[in-house]
Amino acid sequence: MRLTKYFLPTLKENPAEAQIVSHRFMLRAGMIRQQAAGIYAWLPLGHRVLRKIEQIVREEQDAAGAQELLMPTIQPAEIWRESGRYDDYGKEMLRIRDRHEREMLYGPTNEEMITLILRNEIKSYRDLPKQLYHIQWKFRDEVRPRFGVMRGREFLMKDNYSFDLTPEAARHSYRQMFLAYLRTFARMGMKAIPMRADTGPIGGDLSHEFIILADTGESQVFCHKDWLETDVLSQEVGYDDDLAPFFDKYTSLYAATEEMHDPATCPVPATDLVTRRGIEIGHIFYFGTKYSKPLNATVTGPDGETVTLEMGSYGIGVSRLPAAIIEASHDENGIVWPDPVAPFKVGLINLKAGDGDCDRACETLYARLRAKGVDVLYDDRDQRPGVKFADMDLIGLPWQLMVGPRGLKAGMVELKRRATGERVELLPEDAVARLSA
RNA sequence: CGGGGCGUAGCGCAGUCUGGUAGCGCGCGAGUUUUGGGUACUCGAGGCCCCCGGUUCGAAUCCGGGCGCCCCGACCA
């Protein structure tokens, strides 16, 4: 993509409304624009990141055996009356009426709808287990939206729902998602720590919040220092294995949110305890028959008996993740995207647009990188180098490839790693080779 | 939902107390200059001063009402 053609409205100054670093950088980097309190438009650069994150989430859900479907954003009120949650949900639920005065709502979550879909189609224990998920916009009319997309009213969520015959089978589904979440966040370059959590209004007896550590996090969290050294991607465990040992191992390492942490009973000695700020990016629940019972979602069991479905739900705040990643990965100049979620892999900077040699060298590099399938953003603007450096640091692409008259005299270009600031001079063809490796 | 603050050019702000032709910086357009970390200068465009009503010869400014947004707290993917 050529920057002269791209819609990338960057800002030099901090918008007054943005308090936390991710919100400031998302606005300044031209990723989002606010439309109303807690409601945002995703501009091209932000949308690219959102799509990358969404895709990683999708791949890991699929790998865990879940199947994607898509449910509507608008739901009829009656199904919420049937589960008994219509009144409980209160003002957070956006209630609307259609032209026939039928009561509708903009879905804040989908337990009711998915349960009803399954209820009508699943008759036998032979149809189980099932895990179904979608990635869809939700609306919760928060009292106080803030921090940009971190606490928006409209947000994109991946919500998965598991259906099993027995509590044991349901716990296996829960552990599958536990593993999938560890992998999902690790793939995005983040260390997400599962912490035993309150089940809150969703109910149930088993729940974990996945929290990433960041100085600007919303709540205080505590964990054993060994968590910081844990590499979940190296785990050799499959989704169909017995996941109990794996699950027990990970849940035995202490990790707790402020509400669940009691210094008096904490089993970890102070020297091993890490106290940090944390951001919640995922939450998983096992809640048994809380919804299947009132909604009468049953199957016929092996002995001909009627069995109420055992359920769990598993959410990832997809639209919150770009902000959470920025909170965990930035410096004073801007965002530092982990490679897997970066909107482009490399920014090609023409330090002297209009100069024949620079233009030619850049065009060649641009064409070769694209031919190799490398996502490259080519800054071909007629701007001062300083402007380009500043913008490129701000939007945080992992690599910057700088082409200027000074280096070209020796036939060299310069490759900078955004995260470390490390630079090397090398031949253009070597730069292509390194970036497409 | 309690407490506080703010709405003036695309962004950041001054002007409001004490009513009298709407300003500054950045950004934007044209040009000169400069060319490896937000260059300098010249010229220029850009405003329902959040909205409605009131007071007044005259309102960005005073008064009343409304709307929107932000911050702290309680709540939350």
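Chain naming here is simple, since letters A, B, ... match the order of the sequence lines and numbering starts at 1 in each.
Both geometric conditions, a ring-centre gap below 5.5 Å and a plane tilt below 30°, are fulfilled for A/F155 over the base of B/A77.
Listed nucleotides: B/A77, B/G36, B/C1. Nearest to the side chain of A/K91: B/C1. For A/P15, taking side-chain heavy atoms from C-beta onward, the closest of the listed nucleotides B/A74, B/C26, B/G12 is B/G12. Counting only heavy atoms from C-beta on, A/A37 has its side chain closest to B/C70 among B/C70, B/A74, B/G38. Taking only side-chain atoms of A/E142, from C-beta outward, the nucleotide of B/C28, B/G38, B/C75 with the closest atom is B/C75. When the nucleotides B/G73, B/G36, B/A77 are ranked by their closest atom to the side chain of A/P385, B/G36 comes out on top.
Rounded to an integer number of Å, the gap from A/K409 NZ to B/G36 C1' is 12 Å. Rounded to an integer number of Å, the gap from CD of A/Q19 to C1' of B/G73 is 15 Å. At whole-Å resolution of the value, CG in A/L94 and P in B/A77 are 18 Å apart. One atom, OH of A/Y40, and another, P of B/C69, lie 10 Å apart when rounded to the nearest Å.
Note on A/K158: nothing from the nucleic acid sits closer than 4.0 angstrom, heavy atoms only. A/R28 comes within 4.0 angstrom of a nucleotide base, judged by non-hydrogen atoms across all strands. Looking at heavy-atom distances under 4.0 Å, A/G404 makes contact with a base. Note on A/Q34: only backbone sugar-phosphate atoms sit closer than 4.0 angstrom, heavy atoms only; bases stay farther off. Across all strands shown, A/A18 has no heavy atoms under 4.0 Å from either base or sugar-phosphate atoms. Using a 4.0 Å heavy-atom distance criterion, A/G90 is classed as making no nucleic acid contact.
Judged by distance alone with a 3.5 Å cut-off, a donor-acceptor contact links the side chain of A/D393 to the base of B/G37. Taking 3.5 Å as the limit, the base of B/G27 and the side chain of A/E13 contain no donor-acceptor pair of atoms between them.
Looking at A/E363 and A/R2, a side-chain N of the basic residue comes within less than 4.0 Å of a carboxylate O on the acidic one, giving a salt bridge. A/D357 has a carboxylate O that lies under 4.0 Å from a charged side-chain N of A/R360, or vice versa, which qualifies the two as a salt bridge.
Between the side chain of A/Q176 and the backbone N or O of A/Y239, at least one donor-acceptor pair lies under 3.5 Å.
Rounded to the nearest Å, the gap between the P atom of B/C26 and that of B/U39 is 9 Å.
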